[in-house]
Asks: 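I have a structure here, written as structure tokens, and I will follow up with some questions on it.
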Amino acid sequence: MKSNISLVMSQKSGESFREALKRDTAFAAIWRRNVEIDLAQRDSIRAFVEEHQNSLVGVFLLSLKEVSIYHSLLEDMMSEASSVFAQHVLVKDKLEKMRQMARRFEAEREKKMTPEEREEQKKRQAMDAKIKIGERFPNAKVKDNAGEIKQLSDYVGKGKYVLIDFWASWCGPCRNEMPNVKAAYEKYASKGFEVISISIDKKQKAWRTAIEELGMNWTQVLNVDAADVYGIYAIPKTFLVDPEGIVVAKDLRSKKLEKTLFNLLE
């Protein structure tokens, strides 16, 4: 059985998927919706596992072929789960198959890459390396709600832990993750935690509407050159900066964000 995402992707076989997303607005809308469904399914499974770590029903659920979950997410999940899950043969077997599949996929992708794609890959790797854990956060320009140009340093390195969150109103995974960011903010804001969400939206109306819909009651700004400075080529993307302005973590999402903040602030 193919996942919703696999079915959508198969409709564009023989065509550049990225180009299809740019050119075909109807296809892009279907893709975003299926990404949201897929992510909701993954979150639901993860939540069940975390809440029922001694239930063999959870083991059975994870072992099903129809259950779609990223192998990296399963790796993280199993590192935190009880031995009932982490050491169960069904779960270990599925995880190993997913690892093998990921390795095969990466090998095939490498073989088929054009010179241009290889160059793009190098650029992305260089962009990923721009921000290093243990170093001071780079300053950058953003635009506030009033349309004034601000410096990131106006908000970061001021004595609190700050999550720098790159997102956009049209990004399904970003919207799906936002309730987790909101929960973390509301739990830890009084303990020295702030969030600054930097949107790469071009349309301010869509941006403002999404902020209201998602209840994003923390600092909201628009990108000026921050996305370039931070090497952003995919969203959501986050960086956690400590009170002195040092980057202490990257790509914190869902329970990873909660666990990191708990360790730092509780």
Asks: Hey, is NZ on K143 packed in by over 12 heavy atoms from elsewhere, all under 6.0 Å?
Replies: no
Asks: With N139, which residues qualify under side chain to side chain donor-acceptor pair (under 3.5 Å), at least two apart?
Replies: Q151, S153
Asks: Any idea which heavy atoms bring T260 and K256 closest together, and the distance?
Replies: OG1-O, 2.8 Å
Asks: Applying the side-chain contact (heavy atoms from CB on, under 4.5 Å) test to L163, which of V241, I196, T238, V156 qualifies?
Replies: T238
Asks: Is any side-chain heavy atom of L240 closer than 4.5 Å to one of L257?
Replies: no
Asks: Using a 6.0 Å cut-off, check whether atom OH of Y233 has over 12 heavy atoms from anything other than its own residue.
Replies: yes
Asks: Would you confirm whether R208, through its side chain, and N145, through its main-chain N or O, come within 3.5 Å as a donor-acceptor pair?
Replies: yes
Asks: If I take atom CD from residue E212 and atom CD from residue Q220, how far apart are they, to the nearest 0.5 angstrom?
Replies: 12.0 Å
Asks: Quick one: CG on L252 to CG on D165, what's the gap to the nearest 0.5 Å?
Replies: 11.0 Å
Asks: One thing to verify: whether E213 and R175 come together as a salt bridge, which I'm taking to mean a side-chain N less than 4.0 angstrom from a carboxylate O.
Replies: yes
Asks: Let me confirm one number: the CH2-CH2 distance from W207 to W167, rounded to the nearest 0.5 Å.
Replies: 8.5 Å
Asks: For R103, does the CZ atom have more than 12 heavy-atom neighbours from other residues, nucleotides or ligands under 6.0 Å away?
Replies: yes
Asks: Do you know the tightest heavy-atom contact between P138 and Y230?
Replies: O-OH, 2.7 Å
Asks: Apply the hydrophobic cluster definition, ILVMFWY joined by side-chain contacts under 4.5 Å directly or through others, and give me every member besides V224.
Replies: I149
Asks: Kindly determine whether L261 and Y185 satisfy side-chain contact (heavy atoms from CB on, under 4.5 Å), including the steps that lead there.
Replies: CA-CA 10 Å; L261 293 175; Y185 175 72; over 6 Å; no
Asks: Below 4.0 angstrom, N of the basic side chain to O of the carboxylate: do K182 and E186 qualify?
Replies: yes
Asks: How long is the span from the CE atom in M178 to the CD1 atom in I211, to the nearest 0.5 Å?
Replies: 9.0 Å
Asks: Where is the tightest heavy-atom contact between R253 and P236, given as atom of each residue plus distance?
Replies: CZ-CG, 3.8 Å
Asks: CG of D242 to CZ of F137: how many Å apart, nearest 0.5 Å?
Replies: 10.0 Å
Asks: CD of E135 to CD1 of I246: how many Å apart, nearest 0.5 Å?
Replies: 8.5 Å
Asks: More than 12 heavy atoms of other residues, nucleotides or ligands under 6.0 Å from NZ of K202: is that the case?
Replies: no
Asks: Do S169 and S199 have side-chain heavy atoms sitting under 4.5 Å apart?
Replies: no
Asks: Which heavy atom of M216 sits nearest a heavy atom of S197, and at what distance?
Replies: CE-OG, 3.8 Å
